[in-house]
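If you read the sequence from its start, that first residue is 1, and numbering goes on from there. Given the structure is predicted, the values throughout are model-derived calculations rather than measurements. Just so you know, these numbers use all the heavy atoms, side chains as well, and skip hydrogens, waters and symmetry mates.
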Amino acid sequence: MIGQSLIKAKEFLLRGELVAIPTETVYGLAGNALEEKTVAKIFEAKNRPTFDPLIVHTFSTYQARKYVNIFPNWAEKLAEKYWPGPLTLLLPRNSLIPDIVTSGSDLVGIRIPNHPLTLNLLKELPFPLAAPSANPFGYVSPTTAQHVADQLENKIGYILNGGTCQVGLESTIVGEKNGNICIFRTGGVSIEEIESTLKKKVEILPSTSNPMAPGMLEQHYSPHKPLFIGNIPKLLEEFSDKKIGVISFSKDYSHLVKKSIVLTKKEDLKEAACRLFKTLRQMDKEDVEIILTEIFPDLGLGKAINDRLKRAANKRK
Ligand code: TXA
Ligand code: MG
């Protein structure tokens, strides 16, 4: 059921059931983060491997502190600047957070989402919410309540409708590795912003097939149709026998292909990021056989867009 009732959402969550929640990044599939049984339902509904840990959502830094042992100085600086917002911090957890949430890791990913409905809901609950993106594992993340309903409606008690997500890409994940501050996943806060807040360079960890670095899986965020990324004119030649859909940054290819979608006519990376997932879903429904896309400008949110596209893409020999 889709609706806007905080009372209903709260009722389901208090009963240990799952509710899809709007955030500024993507919709989350939420449940009581302190209840192992409820968290297990999240993995099951998403068909998600249990080695891939979940992010815990709180409504305040004060509440976040209840679940971590140390809140280091770098994390404080980032929390102060970007919370509520599209930033997840990996921090040493305490025993209130069950193993299943972190896939056994000593670190827990925590963030305060910036969406008024969800912040109100979190304020009303006696527990934080564990919530991965509300899509079947491996598929494109949902940026509207309808996206969630399209794939998971029968597995979720309630879908809280908070409109279209304003950022449209998942949170940036920042943590410490071997004493250095690292970006575990690029996202809604750009690397440039993080570096300017911390006044130092940070390392971006590469995506990998190594399950010890979950959520950084090489293949992820994929539409059902084959997607190829590269120089569009060249790809058009290579796939000239196919019905093609193109997702481009700012140039229109309507005269050459079955369907062409420009993400931002004004070359605005924020707008492109916001429309990316919705457009991938749309292309999956269009009468095309393959999806072609290009590398976006490699700065600001462009880095996160490129990360998602590369991982959505079919591997080439
Ligand atoms: O914007 C977002 O972050 C959204 C909204 C719903 O908050 N959530 C989201 O969750 O993108 P999900 O489950 O799709 O991605 C979570 C990723 C994991 O795959 C993993 O890479 C990382 O966060 N993560 C979470 N907890 C971690 C931990 N303890 N250690 C390492 N990585 C962790
Ligand atoms: Mg996800």
Side-chain angles (χ1 to χ4, degrees), residues 23 25-29 46-49 51-55 86-88 90 103 109 131-143 147 151 165 167-175 177 182-191 202-232 235 239 245-249 261 263 269 272-284 288 290-317:
T23 84
T25 60
V26 301
Y27 274 73
L29 178 53
K46 268 193 72 124
N47 209 358
R48 176 178 176 117
F51 65 70
D52 195 359
L54 308 181
I55 294 172
L87 172 77
T88 294
L90 295 180
S103 307
S133 51
N135 50 281
F137 183 71
Y139 193 67
V140 183
S141 301
T143 55
H147 290 165
Q151 291 177 305
C165 302
V167 174
L169 283 181
E170 297 86 348
S171 59
T172 302
I173 302 179
V174 186
K177 197 179 172 194
C182 297
I183 306 292
F184 285 69
R185 177 178 73 186
T186 52
V189 180
S190 71
I191 313 292
V202 295
E203 190 188 341
I204 305 179
L205 299 178
S207 59
T208 167
S209 53
N210 171 6
M212 286 314 286
M216 302 165 67
L217 293 169
E218 265 170 2
Q219 187 85 37
H220 214 66
Y221 310 106
S222 307
H224 296 307
K225 288 182 182 154
L227 180 142
F228 299 98
I229 182 167
N231 175 288
I232 290 177
L235 290 171
F239 292 105
V246 170
I247 300 175
S248 57
F249 179 47
I261 301 179
L263 286 187
L269 284 166
C274 182
R275 297 187 57 213
L276 177 69
F277 287 155
K278 193 167 78 182
T279 307
L280 285 170
R281 280 174 185 261
Q282 184 186 340
M283 272 301 181
D284 248 355
V288 299
I290 59 166
I291 305 168
L292 304 183
T293 186
E294 59 191 340
I295 302 278
F296 282 54
D298 193 40
L299 73 165
L301 290 182
K303 280 198 166 65
I305 296 175
N306 287 332
D307 167 74
R308 303 304 190 272
L309 285 174
K310 281 181 193 158
R311 290 201 259 165
N314 285 55
K315 299 284 166 274
R316 315 293 302 279
K317 278 170 225 122

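A side-chain N or O of Glu170 and one of Ser141 form a donor-acceptor pair less than 3.5 Å apart. In this structure, a donor-acceptor pair under 3.5 Å is absent between the side chains of Gln282 and Arg275. Using a 3.5 Å distance cut-off with no hydrogens or angles, the side chains of Thr88 and Ser171 do pair a donor with an acceptor. For the 3.5 Å distance criterion, the side chains of Tyr139 and Asp284 qualify, holding a donor opposite an acceptor. Neither side chain, Ser222 nor Arg311, offers a donor N or O lying under 3.5 Å from an acceptor on the other.
Scanning all heavy atoms of the two residues, the minimum distance from Leu90 to Gly109 falls at CD2-CA, 3.6 Å. Taking both residues in full, the closest heavy atoms of Asn306 and Pro297 are given as ND2-O, 4.0 Å, listed atom of the first, atom of the second, then distance. Annotation for Ala272 and Ile305: closest pair CB-CD1, 3.9 Å, computed over non-hydrogen atoms. When all heavy atoms of Cys182 and Lys177 are compared, the closest pair comes out as SG-CB, 3.8 Å. Listed here is the closest heavy atom pair of Pro142 and Asn135: CD-OD1, 3.6 Å. Contact record, Gly188 with Leu301: O-CD2, 3.5 Å, taken as the closest heavy-atom pair.
Taking CG of Leu309 as the reference point, atom CD1 of Ile247 lies at 7.5 Å (rounded to 0.5 Å). Leu169 CG to Cys274 SG: the interatomic distance, rounded to the nearest 0.5 Å, is 8.5 Å. In this structure, CD1 on Ile229 lies 9.5 Å from CG on Leu235, to the nearest 0.5 angstrom. Taken to the nearest 0.5 Å, the CZ atom of Phe228 stands 10.0 Å off from the CD1 atom of Ile291.
For Asp298 (side chain) and Lys303 (main-chain N/O), no donor-acceptor pair under 3.5 Å exists by modelled atom type. Without hydrogens or angle criteria, Thr172 side chain to Val189 main chain gives a donor-acceptor distance under 3.5 Å. Put simply, the side chain of Arg308 never gets that close to the backbone of Leu276: no donor and acceptor are under 3.5 Å apart. For the pair Arg281 (side chain) and Val140 (backbone), a donor-acceptor distance under 3.5 Å is present. Thr23 places a side-chain N or O within donor-acceptor distance of the main-chain N or O of Thr25, the cut-off being under 3.5 Å.
Proximity of Lys46 to Pro132: side-chain heavy atoms (C-beta onward) are separated by under 4.5 Å at one or more points. With a 4.5 Å cut-off on side-chain heavy atoms, Leu205 and Ile183 do not count as touching. In this structure, the side chains of Phe239 and Leu292 come closer than 4.5 Å at one or more pairs of heavy atoms. A heavy-atom distance below 4.5 Å is not found between the side chains of His147 and Val26. Using a 4.5 Å cut-off on side-chain heavy atoms (C-beta onward), Ile290 and Leu227 make no contact. You'll find the side chain of Tyr27 stays beyond 4.5 Å of the side chain of Ser133, heavy atoms only. Two residues are said to be in side-chain contact when any heavy atoms from C-beta on lie closer than 4.5 Å; Ile261 and Ser248 fail this criterion.
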Could you please spell out the steps behind the side-chain contact (heavy atoms from CB on, under 4.5 Å) verdict for Leu299 and Leu269? CA-CA 9 Å; Leu299 73 165; Leu269 284 166; 4.1 Å; yes
side-chain contact (heavy atoms from CB on, under 4.5 Å) between Ile204 and Phe184, worked out: CA-CA 7 Å; Ile204 305 179; Phe184 285 69; over 6 Å; no
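Applying the side-chain contact (heavy atoms from CB on, under 4.5 Å) criterion to Asn231, with sequence neighbours excluded, gives Pro233, Lys234. In this view, Thr293 satisfies the side-chain hydrogen bond (donor to acceptor under 3.5 Å, both in side chains) rule with no residue, not counting sequence neighbours.
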